[in-house]
Amino acid sequence: MPRKPPHPGTPRKRIAELAQDGAISWGTHSLKERSPERGIDINDARRVLKIGEITGPIEPGLNAGEWKCKVVAKAEDRPRRIGVAVIVIQDRRLFIKTVEWEDK
């Protein structure tokens with residue numbers, strides 16, 4: 001039976017807390033490929049996780065206790081919005097899957 005996703009406010013608050021604490025892992029795809037290609041650095045992504053809002057669905061991850069979602073916020077120094085695809089793992093850490101511009 002599929003797990004019911006939490007209300008967006010619950011993971012939103014936890015994502016901000018974990019980002020503030022630095023409990024973040026960066027996937028090779030996000031850190032070495034997409035970040036440089038798109039000009040979105042680690043500080044940009046961290047800021048989005050701290051202040052952004054969840055957009056789109058919250059979906060179960062591959063493992064128990066994981067939730068996938070996208071957090072979006074306006075870039076600090078540009079008139080664009082940044083999206084960070086993140087997996088919340090066991091409510092204890094974040095895994096950044098990718099970063100992207102929302103206004104393609």
Side-chain angles (χ1 to χ4, degrees):
M1 183 164 154
R3 297 177 280 159
K4 182 180 176 191
H7 180 277
T10 303
R12 171 67 232 116
K13 182 179 178 204
R14 190 63 184 144
I15 288 167
E17 293 168 349
L18 292 168
Q20 183 66 38
D21 293 344
I24 305 171
S25 298
W26 303 85
T28 301
H29 177 75
S30 63
L31 187 62
K32 303 240 188 240
E33 296 172 16
R34 296 302 174 241
S35 180
E37 173 187 299
R38 295 174 176 160
I40 301 170
D41 68 23
I42 289 172
N43 293 325
D44 294 327
R46 200 174 278 149
R47 180 179 168 279
V48 168
L49 294 171
K50 290 177 185 177
I51 68 162
E53 296 297 324
I54 293 175
T55 62
I58 299 171
E59 301 173 337
L62 294 177
N63 301 304
E66 293 182 351
W67 293 100
K68 302 184 296 185
C69 63
K70 185 190 289 188
V71 180
V72 177
K74 184 183 171 301
E76 188 171 35
D77 59 348
R78 296 172 256 194
R80 300 183 77 184
R81 293 167 30 99
I82 298 171
V84 179
V86 61
I87 301 171
V88 181
I89 302 171
Q90 300 289 322
D91 241 8
R92 292 189 304 227
R93 64 183 303 95
L94 305 174
F95 177 80
I96 308 306
K97 192 169 179 177
T98 196
V99 296
E100 59 194 11
W101 293 109
E102 291 299 301
D103 52 349
K104 304 196 179 351

*Stepwise, does the side chain to side chain contact (heavy atoms under 4.5 Å, CB included) test hold for Ile87 with Trp67?*
CA-CA 5 Å; Ile87 301 171; Trp67 293 100; over 6 Å; no
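Criterion: ILVMFWY side-chain heavy atoms under 4.5 Å apart, direct or through other members. Under it, Ile15 and Ile24 are part of a common hydrophobic cluster. Ile51 and Trp101 sit in two unconnected hydrophobic clusters of ILVMFWY residues. Membership requires side-chain heavy atoms under 4.5 Å apart, directly or through other members. Residues Val84 and Ile40 share a hydrophobic cluster, clusters being chains of Ile/Leu/Val/Met/Phe/Trp/Tyr side chains in contact below 4.5 Å. Hydrophobic cluster membership differs between Ile89 and Leu49, with clusters built from Ile, Leu, Val, Met, Phe, Trp and Tyr side chains linked at under 4.5 angstrom. Both Trp26 and Leu94 are members of a single hydrophobic cluster when ILVMFWY side chains are connected at heavy-atom separations under 4.5 Å.
Here the closest non-hydrogen pair linking Asp44 and Gly39 is OD2-O, 4.0 Å. The minimum heavy-atom distance between Cys69 and Ile58, with the atom names listed, is CB-CG1, 4.1 Å. The nearest pair of heavy atoms linking Ala75 to Ile82 is CB-CD1, 3.9 Å. Between Ala16 and Lys50, the shortest heavy-atom distance links the atoms CB-O, 3.6 Å.
A salt bridge (Lys or Arg N to Asp or Glu O under 4.0 Å) with Glu102 holds for exactly one of Lys70, Arg38, Lys74, Arg78; it is Lys70.
For CD of Glu59, the number of neighbouring non-hydrogen atoms (other residues, nucleotides, ligands) closer than 6.0 Å is greater than 12.
Contact check for Arg12 versus Val71: side-chain heavy atoms found under the 4.5 Å cut-off. When side chains are defined from C-beta on, Val86 does not count as touching Phe95, because their heavy atoms never get closer than 4.5 Å. Side-chain atoms of Glu17 and Arg14, non-hydrogen and from C-beta on, do get closer than 4.5 Å to each other.
Within the structure, the side-chain hydrogen bond (donor to acceptor under 3.5 Å, both in side chains) test picks out the following pairs touching residues 83-95 (sequence neighbours left out): Ser25-Arg93.
For Arg80 and Asp103, the salt-bridge test passes: some basic side-chain N is under 4.0 Å from an acidic carboxylate O.
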